[in-house]
Amino acid sequence: MNLLLDTHVLLWAAAEPNRLSAEAIALIDDNDNRLHFSAASLWEIVIKTGLKRADFQVDPHLLRRGLIDNGYLELPITSQHALAVSHLPDIHKDPFDRILVAQAESEGFLLLTADELVARYPGPIQRI
């Protein structure tokens with residue numbers, strides 16, 4: 001199965017695995033699953049690190065290198081993903097979360113999220 005990790009789940013998997021549920025760890029550690037991170041997550045991290053957000057204190061360059069070195073696959077943002085945002089219900093205002101939902105839906109990936117609002121979207125989303 002293809003898994004797309006939302007930004008917080010991605011950060012926790014990389015640096016704070018103790019914050020992940022047992023279910024999330026099992027999905028991430030399952031060798032049959034292919035782990036993906038979105039370019040949108042790195043973009044969000046760059047912006048929020050620059051804003052000095054306490055929950056985004058990570059070097060995005062090192063994070064990307066570590067993810068790739070650990071077998072994660074990068075999912076670029078395409079025009080198809082951008083257009084898919086227009087079909088989403090108005091549940092969440094965060095543009096980063098909305099593009100992640102659109103990417104998961106467009107690609108048929110399961111989006112793993114800890115965000116209750118993101119989990120309300122229809123489609124391949126699992127709150128962990």
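What you are looking at is a predicted structure, and each value in this text was computed from that prediction instead of being measured.
The residues R65 and D69 are annotated as salt-bridged, a charged nitrogen and a carboxylate oxygen being separated by less than 4.0 angstrom. Ion pair K48/D94 flagged as a salt bridge, since at least one NZ, NE, NH1 or NH2 atom sits closer than 4.0 Å to an Asp/Glu carboxylate oxygen.
When hydrophobic clusters are built by joining Ile, Leu, Val, Met, Phe, Trp and Tyr residues whose side-chain heavy atoms come closer than 4.5 Å, directly or via intermediates, L67 is grouped together with L11. Residues V58 and L100 do not share a hydrophobic cluster, defined by chaining ILVMFWY side chains whose heavy atoms lie under 4.5 Å apart. Taking hydrophobic clusters as Ile, Leu, Val, Met, Phe, Trp and Tyr residues chained together by side-chain heavy-atom distances below 4.5 Å, L5 does not share a cluster with L75. Grouping the Ile, Leu, Val, Met, Phe, Trp and Tyr side chains by contacts below 4.5 angstrom, directly or via other members, places V9 with M1. Using a 4.5 Å cut-off between side-chain heavy atoms of Ile, Leu, Val, Met, Phe, Trp and Tyr, with links allowed through other members, L35 and I68 fall into the same hydrophobic cluster.
Judged by distance alone, with hydrogens and angles left aside, the side-chain atoms of R98 form a donor-acceptor pair with the main-chain N or O of H92 at under 3.5 Å. Remark: the backbone N or O of A26 is not paired with any side-chain donor or acceptor of D30 at under 3.5 angstrom. Of the possible donor and acceptor atoms, none in the side chain of N33 sits under 3.5 Å from a partner among the backbone N and O of N2. Without hydrogens or angle criteria, T113 side chain to V118 main chain gives no donor-acceptor distance under 3.5 Å.
In plain terms, the two heavy atoms of Y72 and A13 that are nearest each other are OH-CB, 3.8 Å. Among all heavy-atom pairs drawn from L117 and I91, the shortest one is O-CG2, 3.5 Å. Counting all heavy atoms, side chain and backbone alike, A119 lies closest to I125 at CA-CG2, 3.8 Å. Taking every heavy atom of both residues into account, W12 and A114 meet most closely at CZ3-CB, 3.5 Å. The two atoms that bring F56 and T49 nearest to each other are O-OG1, 2.5 Å, heavy atoms only. Of all non-hydrogen atoms in D115 and R127, the two that sit nearest each other are C-NE, 4.2 Å.
In this structure, OH in Y121 is found 5.5 Å from CG in L88, a value given to the nearest 0.5 Å. Separation of atoms NE2 (H36) and CG (L111) is listed at 12.0 Å; rounding is to 0.5 Å. Of the inter-residue distances, the one linking D97 atom CG with I99 atom CD1 reads 11.0 Å to the nearest 0.5 angstrom. H8 contributes atom NE2, which lies 12.0 Å from atom CG of L20 (distance to the nearest 0.5 angstrom). Taking CD1 of I47 as the reference point, atom CH2 of W43 lies at 6.0 Å (rounded to 0.5 Å). For the atom pair L27 CG and L110 CG, the distance stands at 7.0 Å (nearest 0.5 Å).
Sorted by first then second residue, the side chain to side chain donor-acceptor pair (under 3.5 Å) pairs that include residues 17-26, not counting sequence neighbours, are E23-Q126. Under the salt bridge (Lys or Arg N to Asp or Glu O under 4.0 Å) criterion, the residue pairs touching residues 81-91 are D90-K93, with sequence neighbours excluded.
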N/O donor to acceptor pairs below 3.5 angstrom from side-chain atoms of residues 101-108, sequence neighbours left out:
{"residue": "Q103", "atom": "OE1", "partner": "S38", "partner atom": "OG", "Å": "2.6"}
{"residue": "Q103", "atom": "NE2", "partner": "S38", "partner atom": "OG", "Å": "3.4"}
{"residue": "Q103", "atom": "NE2", "partner": "P76", "partner atom": "O", "Å": "3.1"}
{"residue": "S106", "atom": "OG", "partner": "A102", "partner atom": "O", "Å": "2.9"}
{"residue": "E107", "atom": "OE2", "partner": "H81", "partner atom": "NE2", "Å": "2.8"}

Margin query: Using the rule given for side chain to side chain contact (heavy atoms under 4.5 Å, CB included), can you reason through I45 versus T7, listing the C-alpha separation, both sets of side-chain angles and the distance that settles it, and then say yes or no?
Written below: CA-CA 8 Å; I45 291 166; T7 307; 3.7 Å; yes

Requested in this report: Starting from the C-alpha separation in whole Å, work towards a yes-or-no answer on side chain to side chain contact (heavy atoms under 4.5 Å, CB included) for L42 and F37.
Outcome: CA-CA 8 Å; L42 289 179; F37 68 95; 3.6 Å; yes

